[in-house]
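Below: one structure, written as structure tokens.
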Amino acid sequence: MGAGGWRWNDAWIFVAVVIAARLERDRALHAALPVTGASLADVLAAADFLHHSVPSRGELEESVRRLCGAELITVDDDLVEVASAGEQLWRTRPFSGLSSAVLTMQTQLNRGCRPGDGDWALSEATYQSAVREYSLRLADGR
């Protein structure tokens, strides 16, 4: 655990949410669709891209709770967005590239705020649905 209470997994999930939300925003704007937030499958894809593994249900749920409780991200109907405080934290981080973004963000989280205790719960069925959706994307080459 970091000095400020944030774990590496929290930073990993936060960076994955930032990437997923930005990709979804860009996709929606390009297609002239409303921006709705990133799906859990989008977050799993970004997490896998960053760390070559998919977070477990427990890892995802715990980190999202902590990030939501700190008001860095929001989740509504399993669509995830970066909150204003999270955008500010992301924009003011030292730029390090994606190869070290998670470690850099863990340092920033520990300097910037304390983990929260959000009440978001991720059911096994919802998690498995997101894993299936992501797996189908991989199989389709998306």
Side-chain angles (χ1 to χ4, degrees), residues 1-2 4-113 115-142:
M1 189 178 293
W6 290 100
R7 299 177 180 106
W8 184 91
N9 281 352
D10 301 328
W12 176 36
I13 299 304
F14 179 74
V15 174
V17 168
V18 169
I19 291 169
R22 287 174 181 233
L23 287 172
E24 176 56 27
R25 183 193 64 216
D26 291 349
R27 184 198 66 78
L29 292 174
H30 182 72
L33 297 170
V35 177
T36 59
S39 70
L40 292 177
D42 296 331
V43 174
L44 295 179
D48 190 20
F49 170 78
L50 287 167
H51 188 53
H52 306 292
S53 68
V54 174
S56 70
R57 186 190 70 76
E59 289 171 326
L60 184 61
E61 182 179 60
E62 181 178 6
S63 290
V64 168
R65 279 183 181 167
R66 293 161 59 86
L67 293 162
C68 283
E71 298 181 349
L72 298 174
I73 66 171
T74 61
V75 182
D76 187 24
D77 288 332
D78 298 321
L79 292 174
V80 185
E81 294 185 82
V82 181
S84 295
E87 282 289 340
Q88 180 66 22
L89 186 68
W90 179 255
R91 279 194 308 268
T92 58
R93 80 196 186 290
F95 183 75
S96 61
L98 282 180
S99 63
S100 59
V102 175
L103 288 175
T104 300
M105 188 48 57
Q106 183 182 7
T107 300
Q108 289 301 103
L109 285 165
N110 281 315
R111 286 182 184 154
C113 57
D117 188 23
D119 60 359
W120 183 73
L122 177 59
S123 73
E124 185 65 31
T126 300
Y127 175 75
Q128 289 303 324
S129 177
V131 169
R132 272 191 304 281
E133 182 181 336
Y134 174 51
S135 296
L136 288 172
R137 290 181 194 177
L138 284 177
D140 289 344
R142 292 186 276 156

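Remember, it's a predicted structure, so these values are computed and weren't measured experimentally.
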(request) In sequence, state the C-alpha distance, the side-chain angles, and the governing distance for Arg27 and Glu24, and then conclude on salt bridge (charged side-chain N to carboxylate O under 4.0 Å, His left out). (result) CA-CA 5 Å; Arg27 184 198 66 78; Glu24 176 56 27; 2.6 Å; yes

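Atom OG1 in Thr92 sits 5.5 Å away from atom CG in Leu89 (nearest 0.5 Å). Rounded to the nearest 0.5 Å, atoms CE (Met105) and CG (Asn110) are 11.5 Å apart. In this structure, the separation between CD on Glu133 and CG on Leu138 is 11.0 Å, given to the nearest 0.5 Å. Between Ile13 atom CD1 and His51 atom NE2 the span is 9.5 Å, to the nearest 0.5 Å.
For Ala21 against Val80, the heavy-atom pair with the smallest separation is CB-O, 4.4 Å. Closest approach of Ala46 to Ala16, counting heavy atoms only: CB-O, 3.4 Å. What you find for Pro115 and Arg66 is that their closest heavy atoms are CG-NH2, 3.3 Å. Nearest approach of Leu72 to Cys113, heavy atoms of both residues: CD1-SG, 3.9 Å. Looking at every heavy atom in both residues, Pro55 comes nearest to Glu59 through CA-OE1, 3.3 Å. Annotation for Ala121 and Glu61: closest pair CA-OE2, 3.2 Å, computed over non-hydrogen atoms.
In the displayed structure, Gln128 atom CD is contacted under 6.0 Å by more than 12 heavy atoms of other residues, nucleotides or ligands.
In this structure, Trp90 and Val17 have side chains that are not in contact, with every pair of non-hydrogen atoms separated by 4.5 Å or more. Within the 4.5 Å cutoff, side-chain heavy atoms of Leu103 are placed close to those of Gln106. Contact of the Val102 side chain with the Phe14 side chain is not registered, since no non-hydrogen atoms from C-beta on lie closer than 4.5 Å. With a 4.5 Å cut-off on side-chain heavy atoms, Thr107 and Arg93 do not count as touching. At a threshold of 4.5 Å between non-hydrogen side-chain atoms, the residues Trp12 and Arg7 do not count as touching. Counting only heavy atoms from C-beta outward, the side chains of Leu44 and Leu60 approach each other to under 4.5 Å. With contacts defined as side-chain heavy-atom distances shorter than 4.5 Å, the pair Asp78/Trp120 qualifies.
One finds a salt bridge joining Arg137 and Asp42 here, because a Lys/Arg side-chain nitrogen approaches an Asp/Glu carboxylate oxygen to under 4.0 Å.
Remark: the backbone N or O of Leu122 is not paired with any side-chain donor or acceptor of Thr126 at under 3.5 angstrom. Using a distance-only test at 3.5 Å, with no hydrogens or angles considered, a donor-acceptor pair links the side chain of Ser135 to the main chain of Val131. Looking at Trp6, its side chain never comes within 3.5 Å of a backbone N or O of Gln108 through a donor-acceptor pair.
Of the residues Ile73, Thr74, Thr36, the one that meets the side-chain contact (heavy atoms from CB on, under 4.5 Å) test with Glu81 is Thr74.
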